[in-house]
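Down below is the structure, laid out as structure tokens.
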Amino acid sequence: MKLLVTGGAGFIGSNFVHYALKEHPDWEITNLDKLTYAGNLENLKDIQDQPGYHFVKGDIADRKFVDKLLGQGFDVIVNFAAESHVDRSILDASPFIETNIKGTQILLEGARQYKLGRFIQVSTDEVYGSIDSGRFTEESTLSPNSPYSASKTAADLLCRAYFKTHRLPAIITRCTNNLGPYQFPEKLIPLVITNALEDKPVPVYGDGLNIRDWIFVVDHCRALDVVIQKGQPGEIYNIGGDNEKTNLELIRKLLELLDKPQGLIQFVTDRPAHDRRYALDCAKIATELGWKPAFSFEKALSATVDWYLKNESWWRSIKSGEYSKYYKKMYLER
Ligand code: NAD
Ligand code: DAU
């Protein structure tokens with residue numbers, strides 16, 4: 001099977017490439033990535049020369065480029081490529097519209113023209129908005145609250161429309177918050193770990209009682225594998241870890257694991273329109289495709305902490321580069 005993976009140099013995409021090459025040595029994977037600030041070829045260094053793996057630098061929103069690439073013939077597209085950080089979408093939504101909406105439409109159009117067998121849109125639980133009690137099902141109303149989640153919702157609706165209008169075999173997955181190796185240190189867990197290791201304050205938005213459901217990135221990759229092989233065109237699958245935690249609970253646990261003082265916690269101004277709670281009902285993927293998470297939260301958290309402890313040069317080179325300007329603007333000047 002020939003797969004085009006987009007955004008494979010980012011957090012989840014690079015974990016997926018590692019996972020897929022190990023689990024399916026017969027798959028041929030082309031990784032198309034623009035290498036934005038979040039894309040990092042270091043994430044793929046160990047497999048860069050592996051047979052069956054190819055890297056192409058390019059933009060999913062560049063129609064000519066995508067048309068030419070798809071002409072090489074693929075069976076499946078797995079679309080991870082996106083601007084993925086909510087806070088950045090609040091500072092400037094434009095790249096989110098360009099990549100998450102226009103880029104997805106260009107990929108869908110290419111998949112239609114070249115009659116690809118399957119299009120997997122890697123979406124998010126954030127499209128449903130916030131829920132105080134209960135859980136969102138795949139039928140729940142879409143109610144995004146940030147420019148990031150609005151752009152992901154638009155992409156989901158385009159996938160739906162291409163399935164309805166052109167019978168394009170698109171499948172949407174909506175996953176909760178991932179944790180694991182190679183996550184860019186602007187996101188909560190790697191930010192807390194790396195700040196704590198540097199004895200820097202750990203910023204907590206608002207009262208810290210917002211709830212996220214955490215899933216180990218490898219479990220997300222396992223779910224995508226099942227969807228690629230057994231998912232039904234036109235369907236949506238929720239993917240969750242069944243590990244709801246308040247941000248404060250999570251941060252306190254991380255500081256404990258790192259043997260760092262709780263006094264590093266610093267409450268800062270809340271994120272505008274900060275979703276209070278995400279929670280998914282994942283019965284559909286469990287009953288129809290037989291997937292459930294394999295890793296406990298404790299195991300996932302300690303594996304993640306260990307990875308950042310062992311890969312200090314990876315995160316230090318990010319934190320000392322271009323990212324330091326964003327960090328200054330986000331946390332030190334507000
Ligand atoms: P990330 O920001 O770590 O990686 C995104 C990757 O996409 C980077 O390698 C970047 O260079 C690439 N990219 C960006 N714009 C591109 C473009 N125009 N053309 C080609 N490549 C481009 O993101 P992530 O956290 O790995 O998320 C991957 C996907 O999973 C996203 O679609 C995101 O919405 C979704 N998702 C993420 C989570 C999570 O917890 N991180 C949860 C659910 C869904
Ligand atoms: O739910 C899936 C989504 O999870 C994905 O679609 C997004 O791509 C991904 O970035 C993530 O979004 P969140 O906004 O939930 O993740 P983030 O790591 O930015 O924040 C997690 C929680 O922690 C959120 O409630 C905001 C809070 N937070 C975050 C940061 C960066 C803090 O309190 N302090 C911080 O410094």
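As the structure lists them, so they are numbered: ligands from 1, and atoms in each ligand from 1.
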Open item on the list: For Lys187, which part has a heavy atom under 4.0 Å from ligand 2: side chain, backbone, both, or neither?
Closed with: both
- [ ] With atom 15 (N) of ligand 1 as the reference point, say which of Leu32, Val66, Ile239, Thr99 has the nearest heavy atom.
- [x] Thr99
- [ ] Could you tell me whether ligand 1 has any atom less than 4.0 Å away from a heavy atom of Ser123?
- [x] yes
Open item on the list: Within the 4.0 Å heavy-atom shell around Val122, which atoms of ligand 1 are there?
Closed with: 30 (O), 32 (O), 35 (C)
Open item on the list: I need the atoms of ligand 1 closer than 4.0 Å to a non-hydrogen atom of Gly7, numbered in the order shown.
Closed with: 6 (C), 7 (O), 9 (O), 12 (C)
Open item on the list: For atom 21 (N) of ligand 1, what is the closest protein heavy atom, and at what distance to 0.1 Å?
Closed with: Lys34 N, 3.1 Å
- [ ] Determine, for Asp67 against Lys64, whether the closest basic-nitrogen to carboxylate-oxygen distance falls under 4.0 angstrom.
- [x] no
Task: ligand 2-proximal atoms of Asn178, by part, heavy-atom distance under 4.0 Å - done: neither
Open item on the list: Could you check whether Lys284 pairs with Glu235 (Lys NZ or Arg NE/NH1/NH2 to Asp/Glu carboxylate O, under 4.0 Å)?
Closed with: yes
Task: Any donor-acceptor pair under 3.5 Å from Arg277 side chain to Asp213 backbone - done: no
- [ ] Note the single closest protein heavy atom to atom 19 (N) of ligand 1, along with its residue, its atom name and the distance in Å.
- [x] Ile60 N, 3.0 Å
TODO: Look only at interatomic distance and state if Cys175 has a nitrogen or oxygen under 3.5 Å from any nitrogen or oxygen of ligand 1.
DONE: no
Open item on the list: For atom 18 (N) of ligand 1, what is the closest protein heavy atom, and at what distance to 0.1 Å?
Closed with: Asp59 OD1, 2.8 Å
TODO: Give yes if a backbone or side-chain nitrogen or oxygen of Trp214 is under 3.5 Å from a nitrogen or oxygen of ligand 2, and no if not.
DONE: no
Task: Close-contact set for ligand 1 against Asn177 heavy atoms, below 4.0 Å - done: 40 (O)
Open item on the list: Could you identify the single nearest non-hydrogen protein atom to atom 5 (C) of ligand 1 and state the distance to 0.1 Å?
Closed with: Ala82 O, 3.5 Å
TODO: Before signing off on this row, confirm whether Glu126 and ligand 2 have an N or O atom pair separated by under 3.5 Å.
DONE: yes
- [ ] Would you kindly specify which portion of Lys152 sits under 4.0 Å from ligand 1, judged on non-hydrogen atoms: side chain, backbone, both or neither?
- [x] side chain
Open item on the list: With a 4.0 Å cut-off on heavy atoms, is Gly58 in contact with ligand 1?
Closed with: yes
Open item on the list: Starting from atom 3 (O) of ligand 1, what is the nearest protein heavy atom, named by residue and atom, and what distance separates them?
Closed with: Phe11 N, 3.0 Å
TODO: Report yes or no: does Phe184 have a heavy atom closer than 4.0 Å to ligand 1?
DONE: no
Task: Beyond-backbone contact of Leu280 with Ile239, side-chain heavy atoms, under 4.5 angstrom - done: no
Open item on the list: Quick test: of every protein heavy atom, which one is nearest to atom 4 (O) of ligand 1, and how far off is it to 0.1 Å?
Closed with: Gly10 CA, 3.4 Å
TODO: Nearest heavy atom to atom 38 (C) of ligand 1 wins, so pick from Asp62, Thr124, Leu179, Ile12.
DONE: Ile12
Open item on the list: Salt bridge or not between Arg271 and Asp87? Use side-chain N to carboxylate O under 4.0 Å.
Closed with: yes
- [ ] Look only at interatomic distance and state if Ser84 has a nitrogen or oxygen under 3.5 Å from any nitrogen or oxygen of ligand 1.
- [x] yes
Open item on the list: For the backbone of Arg88 and the side chain of Tyr148, can you confirm whether one donor and one acceptor N or O come within less than 3.5 Å of each other?
Closed with: no
Task: Residue, atom name and distance, where the atom is the protein heavy atom closest to atom 40 (O) of ligand 1 - done: Asn178 N, 2.9 Å
Open item on the list: Ignoring hydrogens, what is the shortest heavy-atom contact between Lys187 and Ser84? Give both atom names and the distance.
Closed with: NZ-OG, 2.9 Å
- [ ] Quick one: look up the protein heavy atom nearest atom 42 (C) of ligand 1 and list residue, atom name and how far away it is.
- [x] Thr176 O, 3.3 Å
Open item on the list: Out of Trp214, Tyr148, Tyr37, Phe16, who is nearest to atom 34 (O) of ligand 1 when you count heavy atoms only?
Closed with: Tyr148
Task: Beyond-backbone contact of Asp275 with Arg212, side-chain heavy atoms, under 4.5 angstrom - done: yes
Open item on the list: Under the criterion side chain to side chain donor-acceptor pair (under 3.5 Å), I'd like the reasoning laid out for Lys319 against Asn195: C-alpha separation, chi angles, the key distance, then a yes or no.
Closed with: CA-CA 10 Å; Lys319 286 191 111 171; Asn195 273 21; 2.6 Å; yes
- [ ] Give the atoms of ligand 1, by number and element, whose distance to some non-hydrogen atom of Phe80 is under 4.0 Å.
- [x] 28 (C), 29 (C), 31 (C), 32 (O)
Open item on the list: To check your reading of the model: name the closest protein heavy atom to atom 4 (O) of ligand 2, its residue, and the distance in Å.
Closed with: Asn177 ND2, 3.1 Å
Task: Contact with ligand 2 for His274, non-hydrogen, under 4.0 angstrom - done: yes
Open item on the list: Please give me the minimum heavy-atom distance between Asn145 and Gly129, naming the atom from each residue.
Closed with: ND2-CA, 3.9 Å
TODO: Answer yes or no: is there an ion pair linking Asp62 with Lys34, defined by an N-O contact shorter than 4.0 Å?
DONE: no
Task: Numbering as shown, the atoms of ligand 1 that approach Thr36 to under 4.0 Å (heavy-atom distance) - done: 10 (C), 11 (O), 14 (C), 15 (N)
Task: Heavy atom of the protein closest to atom 14 (O) of ligand 2 (residue, atom name, distance) - done: Arg271 NH1, 2.6 Å
- [ ] Flag the pair Arg316 and Glu198 as a salt bridge only when some basic side-chain nitrogen lies within less than 4.0 angstrom of an acidic carboxylate oxygen.
- [x] yes
TODO: Please state which part of Asn40 comes within less than 4.0 Å of ligand 1, counting heavy atoms only: side chain, backbone, both or neither.
DONE: neither
Task: Close N or O approach (Asp125, ligand 2; < 3.5 Å) - done: yes
- [ ] Looking only at non-hydrogen atoms, find the nearest pair between Phe65 and Lys57 and report the distance.
- [x] CZ-O, 3.7 Å
